[in-house]
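Written below as structure tokens is the structure these notes are about.
As the structure is a computational prediction, the values presented were derived from the model and not from experiment.
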Amino acid sequence: MLRLSQARSVVNPIRGVFGSFRTLATSVPETQKGVIFYENGGKLEYKDIPVPKPKPNEILINVKYSGVCHTDLHAWKGDWPLATKLPLVGGHEGAGVVVALGENVKGWEIGDLAGIKWLNGSCMSCEYCELSNESNCPHADLSGYTHDGSFQQYATADAIQAARIPKGTDLAEVSPILCAGVTVYKALKSAHLKAGDWVAISGAAGGLGSLAVQYATAMGYRVVGIDGGEAKGKLVKQLGGEAFVDFTKSKDMVAEIQEITNGGPHGVINVSVSEAAINASTQFVRPTGTVVLVGLPAGAVIKSDVFSHVIKSINIRGSYVGNRADTREAIDFFAAGKVKSPIKVVGLSELPEVYELMEQGKILGRYVVDTAK
Ligand code: NAD
Ligand code: ZN
């Protein structure tokens with residue numbers, strides 16, 4: 001196994017070259033291209049930045065592709081009450097190849113395929129980590145938020161938390177699974193549905209939504225998708241949605257959804273970035289059903305009418321990414337061909353334009369950036 005100390009000596013030609021590791025010498029340069037910003041909402045600069053050095057517990061991944069999640073846009077804008085690191089390289093859906101190992105790393109080999117997830121690392125010793133709720137760890141380190149992420153050609157990840165990607169996987173297509181896929185898969189599990197139940201996906205044609213429609217279908221649920229515009233409706237139907245409700249056209253969304261689902265969906269997965277949509281879901285959910293909160297609009301508050309909340313005995317719960325088992329299972333669904341990523345690939349240098357489209361709600365499925373362009 002090649003350790004970082006060796007990898008670095010290979011990189012430096014003056015110290016001599018280990019013949020069999022020669023390819024690595026070209027694969028770990030000192031600098032790379034990345035998109036970095038110095039203040040929230042500031043210029044997104046595509047430029048040469050240093051390649052990070054893995055800590056003893058980390059692997060260094062040559063990121064080939066990274067999905068662009070709405071969370072990256074929130075992080076850049078500084079939308080949330082948790083500060084980002086600055087300067088920051090965003091991105092947390094990075095898929096690539098392991099090119100170096102920190103000295104304490106076990107279970108990874110150079111050349112393995114690996115993924116950068118939102119949860120880059122956690123303490124693994126608190127009560128949350130102990131029960132596999134690592135994303136709730138108070139010391140969680142977050143890719144593209146508190147830890148430089150995947151909008152660069154080389155990124156570091158804690159070896160315990162990095163996602164394992166099967167050999168031969170299409171790295172562009174798997175990248176959105178690393179956040180969007182894992183998150184919606186876990187959110188669907190959190191709704192405690194059974195086969196044949198109705199689930200509403202609010203924000204169904206976006207990055208998370210387009211995968212939620214497919215995971216829900218693969219898990220045996222009936223899907224009503226909610227989003228805005230004809231193109232979004234068409235995508236939802238293509239991905240397996242049984243019905244579509246256009247929030248820009250519907251005169252009475254609550255009545256329309258309840259009629260389609262014969263009394264309201266048993267579960268609602270809220271992946272839109274809309275407070276109004278989230279609040280509406282507390283009204284159309286079926287009695288005893290579960291509203292799952294996933295989307296994180298800035299400053300949003302959920303309001304649920306207490307009388308109907310009690311009489312209908314509904315549940316409202318949050319769901320935050322997923323743990324290592326959720327990640328493995330979500331990738332398994334993808335590897336088995338049960339979910340496909342509706343992606344559009346552009347160059348990393350085009351990230352600002354992707355953010356603009358995302359802000360305007362104009363994205364169908366997921367944009368993925370190619371870090372080589
Ligand atoms: P996206 O921009 O790709 O998709 C959002 C979709 O919502 C768009 O298709 C948009 O048209 C639709 N939409 C807007 N207003 C709507 C309304 N009123 N009703 C129904 N649909 C509406 O975003 P994304 O990357 O899918 O992320 C969605 C949200 O999920 C973001 O806030 C992101 O930060 C959050 N997120 C949460 C977690 C978690 O663990 N909880 C993980 C990843 C992302
Ligand atoms: Zn994300």
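Between L235 and P342, the shortest heavy-atom distance links the atoms CD1-CB, 4.5 Å. Nearest heavy atoms, T371 versus Q152: CG2-O, 3.7 Å. Heavy atoms only, all atoms of each residue included: I226 and A200 are closest at CD1-CB, 4.2 Å. The shortest heavy-atom contact between G264 and R286 is O-NH1, 2.6 Å. The two residues V345 and A172 come nearest to each other via the heavy atoms CG2-CB, 4.3 Å. Considering every non-hydrogen atom in both I61 and A114, the closest pair reads CD1-CB, 3.6 Å.
The distance from atom CD of Q283 to atom CE of M253, rounded to the nearest 0.5 Å, is 9.0 Å. Distance check, rounded to the nearest 0.5 Å: CG of L119 to SG of C137 gives 8.0 Å. From S319, atom OG reaches atom CD1 of I269 across 7.5 Å, with rounding to the nearest 0.5 Å. Here F151 contributes atom CZ and I116 contributes atom CD1; the two are 11.5 Å apart, rounded to the nearest 0.5 Å. Rounding to the nearest 0.5 angstrom, the gap separating the NZ atom in K186 from the CG atom in D326 is 4.0 Å. Annotation: the span from R222 atom CZ to I260 atom CD1 amounts to 11.0 Å, rounded to 0.5 Å.
By the rule that hydrophobic residues join a cluster once side-chain heavy atoms approach within less than 4.5 Å of another member, I165 and V182 end up as members of separate clusters. Two different hydrophobic clusters hold V199 and I316 under the rule that ILVMFWY side chains link at heavy-atom gaps under 4.5 Å. Criterion: ILVMFWY side-chain heavy atoms under 4.5 Å apart, direct or through other members. Under it, V174 and V369 are not part of a common hydrophobic cluster. No chain of hydrophobic side-chain contacts below 4.5 Å, direct or via other Ile, Leu, Val, Met, Phe, Trp or Tyr residues, connects Y367 to Y65. No path of Ile, Leu, Val, Met, Phe, Trp and Tyr side chains, each step under 4.5 Å between heavy atoms, connects Y145 with L178, placing them in separate hydrophobic clusters.
The neighbour count for E259 CD, taken as heavy atoms of other residues, nucleotides or ligands under 6.0 Å away, does not exceed 12. Annotation for F244: atom CZ counts as buried by contact number, over 12 foreign heavy atoms lying within 6.0 Å. The local environment of CD in E230 is sparse, with at most 12 non-hydrogen atoms from other residues, nucleotides or ligands closer than 6.0 Å. Environment of CD in Q238: crowded, with over 12 heavy atoms of neighbouring residues, nucleotides or ligands closer than 6.0 Å.
Side-chain atoms of V223 and L239, non-hydrogen and from C-beta on, never get closer than 4.5 Å to each other. Under the 4.5 Å side-chain criterion, counting only non-hydrogen atoms from C-beta, K189 is in contact with M219. At least one side-chain heavy atom of V368 sits less than 4.5 Å from a side-chain heavy atom of P176. In this structure, T71 and W80 have side chains that are in contact, with non-hydrogen atoms separated by less than 4.5 Å. Between Y46 and E350 the shortest side-chain heavy-atom distance does not fall below 4.5 Å. Counting only heavy atoms from C-beta outward, the side chains of K47 and I36 approach each other to under 4.5 Å. Residues S202 and I278 are not in side-chain contact: their nearest non-hydrogen atoms beyond the backbone lie 4.5 Å or more apart. Under the 4.5 Å side-chain criterion, counting only non-hydrogen atoms from C-beta, L113 is in contact with V97.
The aromatic rings of Y185 and F333 sit tilted, their planes meeting at an angle between 30° and 60°.
The closest donor-acceptor contact from the side chain of N40 to the backbone of A75 lies under 3.5 Å. Side chain of Q32 to backbone of Y154: a donor-acceptor contact under 3.5 angstrom is found. Not one N or O on the side chain of S143 forms a donor-acceptor pair closer than 3.5 Å with the backbone of G149. K232 places a side-chain N or O within donor-acceptor distance of the main-chain N or O of I363, the cut-off being under 3.5 Å. The backbone N or O of V68 lies less than 3.5 Å from a partner atom in the side chain of R366, making a donor-acceptor pair. Side chain of H147 to backbone of T156: a donor-acceptor contact under 3.5 angstrom is found. Under the 3.5 Å distance criterion, the side-chain polar atoms of D227 are left unmatched by any main-chain donor or acceptor of F247. Listed for the N270 side chain is no donor-acceptor partner under 3.5 Å among the backbone atoms of G295. No donor-acceptor pair under 3.5 Å is formed between the side chain of N133 and the backbone N or O of E127. Panel note: side chain N62, backbone Q153; a donor-acceptor pair is recorded below 3.5 Å.
Salt bridge annotation for D48-K33: present, with a cationic side-chain nitrogen under 4.0 angstrom from a carboxylate oxygen. Ion pairing of K85 with D148 is present here, as a side-chain N (NZ or NE/NH1/NH2) and a carboxylate O approach within less than 4.0 Å.
In summary, the side chains of W118 and Y320 do present a donor paired with an acceptor at a separation below 3.5 Å, with no hydrogens or angles considered. Residues N323 and S132 bring no donor and acceptor atom of their side chains to less than 3.5 Å of each other. Counting only N and O atoms by type, the side chains of N104 and N57 include no donor and acceptor under 3.5 Å apart. For the residue pair K340 and Q214, no side-chain donor N or O sits within less than 3.5 Å of a side-chain acceptor on the partner.
Partners of V184 under the side-chain contact (heavy atoms from CB on, under 4.5 Å) rule, at least two apart in sequence or in another chain, are L208, L211, A212, Y215, V271.
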Could you go through T290 and R317, starting from their C-alpha distance and side-chain angles, then the distance that decides it, and tell me whether this counts as side chain to side chain contact (heavy atoms under 4.5 Å, CB included)? CA-CA 7 Å; T290 302; R317 59 170 306 175; 4.0 Å; yes

Set out, in order, the CA-CA distance, both residues' side-chain angles and the distance that settles side chain to side chain contact (heavy atoms under 4.5 Å, CB included) for E256 and K249, then state yes or no. CA-CA 11 Å; E256 202 177 324; K249 290 205 181 121; over 6 Å; no

Go through it in stages, so that I can follow the logic: the residues are R164 and R328, the test is side chain to side chain contact (heavy atoms under 4.5 Å, CB included), and I'd like the CA-CA distance, side-chain angles, deciding distance and then a yes or no. CA-CA 7 Å; R164 292 179 185 277; R328 174 176 44 75; over 6 Å; no

For K77 and Y355: C-alpha separation, side-chain torsions, deciding distance, then whether side chain to side chain contact (heavy atoms under 4.5 Å, CB included) applies. CA-CA 10 Å; K77 284 163 61 180; Y355 281 173; over 6 Å; no

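In this structure, K43 fails the cation-pi test against Y38, since its NZ or CZ atom is not both closer than 6.0 Å to the six-membered ring centre and inside 45 degrees of the ring normal.
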